[in-house]
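Just so it is clear, the model here is predicted, and its values are computed rather than measured.
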Amino acid sequence: MGFIAFLKTQFIVHLLIGFVFVVSGLIINFIQLCTLVLWPINKQFYRRVNCRLAYSLWSQLVMLLEWWSGTECTLFSDEATVNTFGKEHVIIILNHNFEIDFLCGWTMTERFGVLGSSKVLAKRELLYVPLIGWTWYFLEIVFCKRKWEEDRDTVIEGLKRLADYPEYMWFLLYCEGTRFTETKHRISMEVAESKGLPKLKYHLLPRTKGFTTAVQCLRGTVAAVYDVTLNFRGNKNPSLLGILYGKKYEADMCVRRFPLEDIPQDEKEAANWLHKLYQEKDALQEMYNQEGVFPGQQFKPPRRPWTLLNFLFWATVLLSPLFTFGFGVFASGSPLLILAFLGFVGAASFGVRRLIGVTEIEKGSSYGNQEFKKKE
């Protein structure tokens, strides 16, 4: 094991990375709070500023994937589709099987210049998660309780607000509603059978309300739907903790572009279109598991230096005073100060671990275990 590889496995290094992310995130959240005064003066300027503030936080996670772990992401698509990336508003449909599927999505948004302006239809619980939910609040992320009767007006209002967004926006939808587990899959397929829908092998039954509403509300703003099917070579099941330890993965993403005008305007027909899409996604996963590749031409968009430079900036600004303070505490010889400093370190470690826990499948919500038994 080389020295750099050894460093990547050390807890103290992980703690320092977590410290930079958490403290920079709190600083960014405070600046975002201050930018609220811009909203009544110039809404579009407020949005552009917050896109860049969000980029400064999210790109630190992308840096871990691209530079720290060296994970490679390969696109399987066609040249005409790739040439549209970062040049239009789109809805993204991504399968929800992996702990870092969102991070693979983010690395592509970063490489095509839309990381800061990327959006998602997110569960409302995330609004209260420090850094993540707070940053999303200022970005006008649409939150939902995943109960359509309660969500309908909120989701429609949130989507319509984005109609005049000034920067190209990729709006992510996890149409399955929750991460794939065997239990959720079994219950989901029972529902599919009861509704007379074809069973899926690698996906949960898609929930159509969010998709049809997004298409309806963003029609005229969004130019296309990108269907993204993600898998990892070697049958790997990567985790954010593995990325933090420097484990390298190879992600493959099949991207298909569907012009929005090709998607039916009628809600029922649009729902049927989505069900057909997931049957096609299932076939793509079956092909990948058998042949190890998706169909289409392979593209490897180069990583950009900005994520690394942004992290180095925050590390320089925040770690220098931390080391100076820590040295002063131990040099003082005061047991009280030393215990207080160690307590702070322990609290920081706990906080970082809790943030990582948000992405872990086994600690995911129970949504889908019972909710699939109810009608949408």
Exercise for the section: State whether a side-chain donor-acceptor pair under 3.5 Å links Trp314 with Ser56. Expected result: yes
Completion exercise
Hits for side-chain hydrogen bond (donor to acceptor under 3.5 Å, both in side chains) against Ser117, two or more places apart or cross-chain, chain-then-number order -> none
Handout entry: NZ/NE/NH1/NH2 to OD/OE distance under 4.0 Å, Arg257 and Asp78
Key = no
Handout entry: Cationic tip of Lys119 above Trp170 ring, under 6.0 Å, 45° of axis
Key = no
Quiz: residues 19-29 side-chain donor-acceptor pairs under 3.5 angstrom, not counting sequence neighbours:
residue, atom, partner, partner atom, Å
Ser24, OG, Val20, O, 2.6
Ser24, OG, Phe21, O, 3.1
Ser24, OG, Gln60, NE2, 2.9
Asn29, ND2, Gln32, OE1, 3.0
Asn29, ND2, Thr135, OG1, 2.9

Handout entry: Considering all heavy atoms, the nearest Gly246-Trp68 contact
Key = N-NE1, 3.9 Å
Exercise for the section: Give a yes or no on whether a salt bridge exists between Glu176 and Lys184, defined as a side-chain N under 4.0 angstrom from a carboxylate O. Expected result: no
Practice task
Could you tell me whether Arg304 and Glu66 have a side-chain N and a carboxylate O separated by less than 4.0 Å?
Solution key: no
Handout entry: Ion pair check, Glu182 and Arg186, cut-off under 4.0 Å
Key = no
Problem - Connected-component partners of Phe76 among ILVMFWY, side-chain separation under 4.5 Å - result: Leu284, Tyr288, Val293, Phe294
Handout entry: By side-chain hydrogen bond (donor to acceptor under 3.5 Å, both in side chains) - contacts of Asp101 (at least two apart)
Key = His96, Tyr174
Exercise for the section: Output all residues satisfying side-chain hydrogen bond (donor to acceptor under 3.5 Å, both in side chains) with Gln279, sequence neighbours left out; order by chain, then residue number. Expected result: none
Exercise for the section: Could you pull out all residues at least two apart from Pro305 that satisfy side-chain contact (heavy atoms from CB on, under 4.5 Å)? Expected result: Leu309
Exercise for the section: List the atom of Ala214, the atom of Leu159, and the distance in Å for their closest heavy-atom pair. Expected result: CA-CD1, 3.6 Å
Exercise for the section: Assess the side chains of Thr229 and Lys281: does a donor N or O sit below 3.5 Å from an acceptor N or O? Expected result: yes
Exercise for the section: Quick one: sort the Tyr249 and Phe232 rings into parallel, tilted or perpendicular, breaks at 30° and 60°. Expected result: perpendicular
